[in-house]
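Inspection log for the structure reproduced underneath, given as structure tokens.
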Amino acid sequence: MSTAPRALSGADWMGAAAVVVIWGLNFVVMKVGLQDFDPMLLGALRFTAASLPFLLFLPRPRLPWRFIAGYGLAQGLGQFGFLFLGLKLGMPAGMASVVMQTQAFFTLLLAAPFLGERATSWQWAGLVVALAGLLVIGSAHGAGPADMTLAGFLLTLGAALMWAVSNLVARRAAAHGHYDALPFIAWSSLFPILPFLALASWTTGSPQAVLAQLAGARWPAWAAVAYLALFATLLAYTLWTRLLQRHAAARVTPFSLLVPVVGLLAAGAFLGEWPTAVQWIGTAGVLAGLLVNQFGARILRMLRA
């Protein structure tokens, strides 16, 4: 399947900006939730709140169950199971917002064989520049809060891969037929709940331990669940899925490269994880890569005119 290039509308740009801000703050909010909840329990609560209250009001998308379940398991259980566990095992929030953006590269690599979507030379060039920026950010070491453990890094990298898989599922679903993104997100969020609960019972030791965590959780942890469910899942992923419905994956996914900018600032402001000079240099590389990706051809034409 090939997709003809299509210009981004003003609404598309606004939706992409909203997603960047919501997801950038998302990592700090996850850290707050993980103070009281086991990673698997936080996943179960997130997707319970994002699905069950809304299924009575939102019709099931007119799509085969394999797309709904596949997206829910890849984006829910896969992406956030790995990410929550990685954050718990030593991945700082700011660094997580950076490493997760490798999903753009996984998506480009997977989109060609599975979707037939070929990236342009400018998209590849932009992503190479952005990758260099990400590598610079990730190279910063020290004894401060910006450090990351190997386990946290590898788990977060696995989360980025699963995010790329969910991008492809969303594109395949769009090729099957038009669907409303909000019901799609709500219904797909149903599928990770039971696996997350089973894993929570295993990781905490027993169902009684899960109930004890629920009873002892403080209000900031519950507020984090609400943010993750309503804003980071329903709102942001609805906007993201609508973008993927209308545009090729290689054109949409580079917007996520802006998430580390918000993520690093939020981690510094709320958690004291202020970026080092090296990390800021890398962030500048990420922004440069996004500009090349989106506007490289246009800038070259302007220079030649």
Do the side chains of [X] and [Y] join up, straight or via other hydrophobic residues, at under 4.5 Å, putting them in one cluster?
X: L214; Y: L228; result: yes
X: V261; Y: L135; result: yes
X: V262; Y: L243; result: yes
X: V165; Y: L73; result: yes
X: V32; Y: L271; result: no

To check you understand the geometry: which heavy-atom pair defines the closest contact between [X] and [Y], and what is its length?
X: A236; Y: V19; result: O-CG2, 3.5 Å
X: A44; Y: L197; result: CB-CD2, 3.6 Å
X: Q79; Y: S166; result: OE1-OG, 4.4 Å
X: S51; Y: A186; result: CB-O, 3.1 Å
X: G76; Y: P192; result: CA-CG, 3.9 Å
X: L77; Y: P195; result: CD2-CB, 3.8 Å

Worksheet item: So, W23 side chain and A18 main chain: donor-acceptor pair closer than 3.5 Å or not?
Response: no

Worksheet entry | Under 3.5 Å: donor-acceptor pair, side chain of Q213, backbone of D38 | yes

Are the side chains of [X] and [Y] in touch, meaning some heavy atoms are under 4.5 Å apart?
X: Q103; Y: M162; value: no
X: F196; Y: R46; value: no
X: V225; Y: T48; value: no
X: L230; Y: T233; value: no
X: L52; Y: F47; value: no
X: F80; Y: W163; value: no
X: T156; Y: F82; value: no
X: F27; Y: F270; value: no

Practice prompt. Give the ring-plane orientation class for Y71 versus Y237, where under 30° counts as parallel, over 60° as perpendicular and anything between as tilted.
Written response: perpendicular

So, taking the atom named [atom1] in [X] and the one named [atom2] in [Y], what distance separates them when rounded to the nearest 0.5 Å?
X: Y227; Y: L235; atom1: OH; atom2: CG; result: 9.0 Å
X: L85; Y: L155; atom1: CG; atom2: CG; result: 5.0 Å
X: F54; Y: S189; atom1: CZ; atom2: OG; result: 10.0 Å
X: L190; Y: I68; atom1: CG; atom2: CD1; result: 10.0 Å
X: K31; Y: M91; atom1: NZ; atom2: CE; result: 9.0 Å
X: L182; Y: T238; atom1: CG; atom2: OG1; result: 4.5 Å

Practice prompt. Take R62 and H176, measure what side chain to side chain contact (heavy atoms under 4.5 Å, CB included) needs, and give me the verdict at the end.
Written response: CA-CA 10 Å; R62 295 181 179 179; H176 189 274; over 6 Å; no

Taking atom [atom1] as the centre, does [X] end up with more than 12 heavy-atom neighbours from other residues, nucleotides or ligands that are less than 6.0 angstrom away?
X: W65; atom1: CH2; answer: yes
X: F191; atom1: CZ; answer: yes
X: R60; atom1: CZ; answer: yes

Discussion item. Strictly below 4.0 Å, N to O, side chains only: are R242 and D180 in salt-bridge contact?
Written reply: yes

Practice prompt. Carefully, step by step, assess L41 and T204 under the rule side chain to side chain contact (heavy atoms under 4.5 Å, CB included).
Written response: CA-CA 9 Å; L41 179 56; T204 60; 5.8 Å; no

Practice prompt. Test M40 against V210 for side chain to side chain contact (heavy atoms under 4.5 Å, CB included), laying out the working first.
Written response: CA-CA 10 Å; M40 300 300 106; V210 171; over 6 Å; no

Fill in: L161 and L157: CA distance, side-chain angles, deciding distance, side chain to side chain contact (heavy atoms under 4.5 Å, CB included) verdict
CA-CA 6 Å; L161 174 60; L157 200 62; over 6 Å; no

Worksheet item: Cut-off 3.5 Å, side chains only: do T107 and N167 have a donor facing an acceptor?
Response: yes

